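Comments concern the structure below.
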Amino acid sequence: MEVNLWISAIHTVFEGELNPGLLHNSGRHSDCFVYYDCGEADYLFDGYTIHAREKSVFFIAKGSVYDIDVRKKSKYICIDFDFSPASKVSKSMLFSNISPSVCNEFFKFFHSWTQKSPWAIPQAYGILYRIYE
């Protein structure tokens with residue numbers, strides 16, 4: 001992944017669940033980081049696969065078209081955002097060697113984003129940059 005990107009917008013964060021089966025996504029509306037808390041699924045892109053499993057983190061690029069083959073009931077957190085328009089990341093990817101502290105950042109982001117404090121948005125940006133780092 002490129003290192004000279006900046007985050008231009010955060011859209012939302014949500015917790016989701018997937019039951020076993022096959023799903024199709026016809027094109028992501030934004031970039032996103034996904035944290036799989038539990039479960040297992042294969043994200044099938046044109047020419048490559050991301051195998052999501054418990055405690056994995058991956059990036060899905062804006063505009064990506066993919067299928068999700070859910071193997072085990074899954075729970076995840078997804079953060080929808082945009083990287084700067086001039087710096088498009090075209091390929092989705094799985095990250096390796098994720099520390100427990102990075103996994104915790106997803107829960108911190110969710111908590112911060114859903115609070116009504118005046119500091120929620122700056123805190124969310126700070127946390128998202130730590131995840132990106």
Side-chain angles (χ1 to χ4, degrees):
M1 176 172 271
E2 295 180 45
V3 294
N4 294 322
L5 301 172
W6 53 274
I7 297 163
S8 60
I10 298 174
H11 301 292
T12 192
V13 60
F14 61 92
E15 292 179 305
E17 289 187 13
L18 296 172
N19 290 314
L22 190 63
L23 304 165
H24 178 72
N25 185 303
S26 58
R28 283 227 29 99
H29 59 84
S30 63
D31 294 307
C32 75
F33 285 121
V34 181
Y35 165 68
Y36 255 59
D37 191 38
C38 65
E40 186 175 354
D42 289 325
Y43 284 66
L44 310 165
F45 299 86
D46 187 25
Y48 64 100
T49 299
I50 290 177
H51 180 71
R53 64 188 190 298
E54 184 174 327
K55 309 301 182 225
S56 64
V57 174
F58 54 99
F59 170 78
I60 302 178
K62 182 176 185 172
S64 295
V65 176
Y66 53 94
D67 292 318
I68 307 170
D69 185 4
V70 183
R71 308 285 178 141
K72 295 179 185 174
K73 185 173 182 171
S74 303
K75 291 185 179 183
Y76 62 93
I77 295 175
C78 180
I79 302 172
D80 288 329
F81 68 97
D82 287 328
F83 276 124
S84 55
S87 304
K88 183 177 187 274
V89 180
S90 59
K91 187 171 181 180
S92 303
M93 63 191 69
L94 178 70
F95 299 105
S96 58
N97 302 321
I98 300 301
S99 70
S101 64
V102 171
C103 298
N104 288 334
E105 294 293 344
F106 281 84
F107 293 104
K108 287 179 189 175
F109 185 97
F110 186 83
H111 178 72
S112 177
W113 189 258
T114 56
Q115 286 192 347
K116 302 296 182 198
S117 85
W119 306 111
I121 299 227
Q123 285 175 340
Y125 271 89
I127 294 166
L128 187 56
Y129 272 108
R130 285 195 299 274
I131 291 169
Y132 167 49
E133 177 185 23

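Heads up: numbering here begins at 1 and tracks the sequence. Source: prediction; values computed, not measured.
In this view, R71 and D42, D69 satisfy the salt bridge (charged side-chain N to carboxylate O under 4.0 Å, His left out) rule, not counting sequence neighbours.
Closest approach of S8 to W6, counting heavy atoms only: CB-CZ3, 3.3 Å. The minimum heavy-atom distance linking H24 with V65 is given by the pair CE1-CG1, 3.9 Å. Of all heavy-atom pairs spanning K91 and M93, the tightest one is O-CE, 3.4 Å. The nearest pair of heavy atoms linking R28 to I60 is CD-CG2, 3.2 Å.
Taking the six-membered ring where the residue is Trp, F14 and Y76 present perpendicular rings, their angle passing 60° and hence far from 30°. Y36 and F58 have tilted rings, their planes meeting at an angle from 30° to 60° on a 0 to 90° scale.
Using modelled atom types, no side-chain atom of S30 and backbone atom of K62 make a donor-acceptor pair closer than 3.5 Å. Checked by atom type and distance alone, the side chain of Y35 never pairs as donor or acceptor with a backbone atom of V102 at under 3.5 Å. S112 places a side-chain N or O within donor-acceptor distance of the main-chain N or O of A120, the cut-off being under 3.5 Å. Side-chain atoms of S92 come within 3.5 Å of backbone atoms of A61 as a donor-acceptor pair (strictly under, hydrogens ignored). Between the T114 side chain and the F110 main chain, a donor and an acceptor come within less than 3.5 Å of each other.
With rounding to the nearest 0.5 angstrom, the CG atom of N25 is 8.5 Å from the OG atom of S64. Considering NZ of K108 and CD1 of I131, their distance stands at 10.0 Å, rounded to 0.5 Å. Taken to the nearest 0.5 Å, the CD atom of E105 stands 8.5 Å off from the OG atom of S99. Residue S74 holds its OG atom at 8.0 Å from CD of E40, rounded to the nearest 0.5 Å. Atom CD1 of residue I10 and atom CH2 of residue W113 lie 5.0 Å apart, to the nearest 0.5 angstrom. To the nearest 0.5 Å, the span separating CD1 on I50 from CZ on F45 amounts to 4.0 Å.
Within a 6.0 Å radius of NZ in K72, no more than 12 heavy atoms belonging to other residues, nucleotides or ligands are found.
Ion pair K75/E15 not flagged as a salt bridge, since none of the NZ, NE, NH1 or NH2 atoms sits closer than 4.0 Å to an Asp/Glu carboxylate oxygen. Using a 4.0 Å cut-off between a side-chain N of Lys or Arg and a carboxylate O of Asp or Glu, E133 and R130 do not qualify as a salt bridge.
Hydrophobic cluster membership is shared by L5 and F109, with clusters built from Ile, Leu, Val, Met, Phe, Trp and Tyr side chains linked at under 4.5 angstrom. Hydrophobic clustering, with ILVMFWY side chains joined whenever heavy atoms are under 4.5 angstrom apart, groups Y129 together with I79. Note on I98 and V34: separate hydrophobic clusters, where clusters join Ile, Leu, Val, Met, Phe, Trp and Tyr whose side-chain heavy atoms are under 4.5 Å apart, directly or indirectly. There is a path of hydrophobic side-chain contacts, each under 4.5 Å, that joins Y125 to L128.
Aromatic ring centres of F33 and F81: separated by under 6.0 Å.
Side-chain contact check for Y43 versus I68: some heavy-atom pair is nearer than 4.5 Å. In this structure, the side chains of D37 and F106 stay at 4.5 Å or more apart for every pair of heavy atoms. A 4.5 Å side-chain heavy-atom check between V70 and N19 finds every atom pair outside the cut-off.
If you run side chain to side chain donor-acceptor pair (under 3.5 Å) between H11 and each of D80, D31, D82, only D82 comes through.
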